[in-house]
Undergrad: 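Okay, here's the structure, questions in a sec.
Keep in mind that what you see is a predicted model, and the values were worked out from it rather than measured.
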Amino acid sequence: MLRTQLAVLAAGLVGASLLSTVNPRPAVAASALTCSAVVPVYGIDGGGKLRWYGHRAGASGEDSWVADSGKEIGYGWNTLAKVFSGGNGVIYAVDGDGDLKWYRHLDPATGERGWAPGERTVIGHGWGDFVDIVSAGSGVIYALDKAGDLHWYRHLSPTTGEAQWAPGSGKVIRSGWTAITTLMTGRDGTLYGVNTKGHVRWYDHADPLAGGTAFGPGTGLVTGEGWEDYRSPSDAGAGVVYALDASGRMWWHHHADPLAGAPVWQDRRPLKEGFASFTTLFADAAACSPGQSFTGYAPGKSGQNLYYSQGRVGAVLTEGARTAVTYGQQRKFAEPTTEATVSTRAWVRLLPGP
């Protein structure tokens, strides 16, 4: 009976194919998220040394690391104003003069110290006044200026470091982000902005490779809260985020719906301690990928099961609950007595009793 009711519910709200074979206690599947065997995480300590860490559990968040994690692979990085990953060992850095420099770590999987020829090559100027800068991999870079304008760039030679840029690089693709202080990316056009209240907003840039100005449905919805006390949050791709708290502890987070933006997260997990003196933490931006064609179940927070349709969360089922939360088209609610509105993609429905 429950299986039939859930199938009917899903067909009416999020498409006939979703939840068509729901079971009350589904088997757990893990292919909604794939990470490399070792997720490279880099940190700059108080002395300016660049240190490498190899996280062995990017998809699940267990506190498991390569034996020599923490080893030094560079020095003098405290002279740089901003450092961020370009994916696959590529690192970009903005110096005190506002010049954008290129580096490529040759062995991010094992952390061996070695850099591609041409490290420190200057590939751009005038990058010093941005509020935040991130890369989504494949040379795609987003930069937020002080006026709240989001700029798009695409570095055409991320592997070799030549100063070549796609036409239109630097153009504004979004405005009004004056409350955003921190950017994170999740690959494939997924972009996150953390505002001054600690809210995480999700955005879907529809054309990351060519820099179009279109954004997908649901763009701008709040997908997370409580991030105001984190330092240096960095996305490894597919919503996997590493961040430092005020005490210097590293935490693992995973936004379970990076492709569609539903406010669904895994339980956060504590990782290493001892980062109080670190000024910067960043994960390799291309280490994890979402299962874009995945349809089936994956674990959510404790006591929850998530149902995915084509890589997007379609429903959240909670053990012992008689309600199911499904995600469909965005709706906006308004009242005549106020100008405030509420937008949501969530539909909550009561399920039949046993």
Undergrad: Are V66 and L50 connected in the hydrophobic side-chain network, where two residues link if heavy atoms are under 4.5 Å apart?
TA: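 Result: yes, single cluster for both.
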Undergrad: Applying side-chain hydrogen bond (donor to acceptor under 3.5 Å, both in side chains), run through R349 and T326 and close with a yes or a no.
TA: CA-CA 8 Å; R349 292 293 185 268; T326 61; over 6 Å; no
Undergrad: Mind checking who shares a hydrophobic cluster with W102, ILVMFWY linked at side-chain heavy-atom distances under 4.5 Å?
TA: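 W102 shares its hydrophobic cluster with F84, V90, Y92, V94, L100, I123, W127, F130, I133, I141, Y153, W165.
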Undergrad: Classify the angle between the aromatic ring planes of H255 and Y192 as parallel (below 30°), tilted (30 to 60°) or perpendicular (above 60°).
TA: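 The rings of H255 and Y192 stand perpendicular, inter-plane angle above 60°.
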Undergrad: Can you see which heavy atom on L33 is nearest to which on A238, and at what distance?
TA: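 The pair with the smallest heavy-atom distance is CD1-CB, 3.5 Å.
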Undergrad: Any non-hydrogen side-chain atom of W77 less than 4.5 Å from a side-chain atom of I91?
TA: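 Sidechains of I91 and W77: in contact.
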Undergrad: Search all heavy atoms of S289 against all heavy atoms of R187 and return the closest pair with its distance.
TA: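 Answer, listing the atom of S289 first, then R187: OG-NH1, 2.9 Å.
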Undergrad: Check step by step if side-chain contact (heavy atoms from CB on, under 4.5 Å) holds for T160 and R104.
TA: CA-CA 8 Å; T160 54; R104 184 163 65 88; 5.9 Å; no
Undergrad: Above 12 or not: heavy atoms from other molecules or residues under 6.0 Å from NZ of K197?
TA: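 Atom NZ in K197 is not packed in, count stays at 12 or less.
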Undergrad: Can you check whether H254 and W265 have ring centres sitting under 6.0 Å from each other?
TA: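 No, too far apart.
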Undergrad: With the threshold set at 4.0 Å, does a side-chain nitrogen-carboxylate oxygen contact exist between K82 and D132?
TA: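 Yes, this pair counts.
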Undergrad: CG/L144 to CG/D149 distance, rounded to the nearest 0.5 angstrom?
TA: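 If I round to the nearest 0.5 Å, the distance is 8.0 Å.
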Undergrad: Decide side-chain contact (heavy atoms from CB on, under 4.5 Å) for K71 and E112; before the verdict, give the C-alpha distance in whole Å, the side-chain angles of both, and the deciding distance to 0.1 Å.
TA: CA-CA 9 Å; K71 61 185 175 184; E112 290 302 312; 3.4 Å; yes
Undergrad: Out of curiosity, W52 CH2 to Y42 OH, how far, rounded to the nearest 0.5 Å?
TA: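 Here the interatomic distance stands at 8.5 Å.
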Undergrad: May I ask you to decide if the ring planes of W227 and H253 are parallel, tilted or perpendicular, using 30° and 60° as cut-offs?
TA: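 Tilted: the ring planes of W227 and H253 meet at 30° to 60°.
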Undergrad: Is the Lys NZ or Arg CZ of R174 less than 6.0 Å from the centre of F215's six-membered ring, within 45° of the axis?
TA: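 Ring-cation test returns yes.
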Undergrad: Could you tell me which non-hydrogen atom of S138 sits nearest to which non-hydrogen atom of P158, and how far apart they are?
TA: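 Here S138 and P158 meet closest at C-CG, 4.3 Å.
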Undergrad: Do V194 and L221 share a hydrophobic cluster, counting only Ile, Leu, Val, Met, Phe, Trp and Tyr and linking them when any side-chain heavy atoms are less than 4.5 Å apart?
TA: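 No, it is not one cluster - the side chains of V194 and L221 are not joined through contacts under 4.5 Å.
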Undergrad: Kindly compute the distance separating NE2 (H205) from OG1 (T219), expressed to the nearest 0.5 Å.
TA: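 Nearest 0.5 Å value for the NE2-OG1 distance: 9.5 Å.
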Undergrad: So how far is it from S135 OG to L183 CG, rounded to the nearest 0.5 Å?
TA: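 Taking OG in S135 and CG in L183, the distance rounds to 11.5 Å.
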Undergrad: How far does OG1 of T223 sit from NE2 of H199, to the nearest 0.5 angstrom?
TA: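 Rounded to the nearest 0.5 Å, the OG1-NE2 separation comes to 12.0 Å.
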Undergrad: Provide the closest heavy-atom pair for Q164 versus H155 in the form atom of the first, atom of the second, distance.
TA: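 Taking Q164 first and H155 second, the nearest heavy atoms are O-CD2, 3.2 Å.
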Undergrad: Which class fits the ring pair H105 and W115: parallel under 30°, tilted 30 to 60°, perpendicular over 60°?
TA: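 Correct class here is tilted.
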Undergrad: Is there a path of hydrophobic side-chain contacts, each under 4.5 Å between heavy atoms of I, L, V, M, F, W or Y residues, that connects L191 with F282?
TA: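 No, it is not one cluster - the side chains of L191 and F282 are not joined through contacts under 4.5 Å.
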Undergrad: With sequence neighbours left out, write down each residue that passes side chain to side chain donor-acceptor pair (under 3.5 Å) with S293, or none if nothing qualifies.
TA: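 Listed in chain order: nothing, the list is empty.
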Undergrad: Do F275 and Y53 have ring centroids that are under 6.0 Å from one another?
TA: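 Aromatic pair counts; centres sit under 6.0 Å.
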Undergrad: Between N305 and E319, is any pair of side-chain heavy atoms under 4.5 Å apart?
TA: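 A side-chain contact under 4.5 Å exists here.
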Undergrad: Heavy atoms, side chains only, cut-off 4.5 Å: are V134 and D235 in contact?
TA: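 Side chain of V134 against side chain of D235, heavy atoms only: no contact under 4.5 Å found.
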Undergrad: I would like to know whether Y327 and D257 meet side-chain contact (heavy atoms from CB on, under 4.5 Å); could you show each step before the answer?
TA: CA-CA 11 Å; Y327 290 91; D257 195 24; 5.8 Å; no
Undergrad: So, taking the atom named CH2 in W202 and the one named CG in D204, what distance separates them when rounded to the nearest 0.5 Å?
TA: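 If we round to the nearest 0.5 Å, W202:CH2 and D204:CG are 4.5 Å apart.
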Undergrad: Tell me if the centroids of the rings in Y203 and W177 come within less than 6.0 Å of each other.
TA: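 Yes, ring centres under 6.0 Å apart.
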Undergrad: Please report the shortest heavy-atom distance between P233 and V241, naming the atom on each side.
TA: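 For P233 versus V241, the nearest heavy atoms are CB-CG1, 4.2 Å.
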Undergrad: Are V140 and I173 joined in one hydrophobic group, where the rule is that I, L, V, M, F, W and Y side chains link up if heavy atoms are under 4.5 Å apart?
TA: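 Same hydrophobic cluster.
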Undergrad: Hey, is the main chain of G54 close enough, under 3.5 Å, to the side chain of S69 for a donor-acceptor pair?
TA: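 The answer is yes, because a donor-acceptor pair under 3.5 Å joins these two groups.
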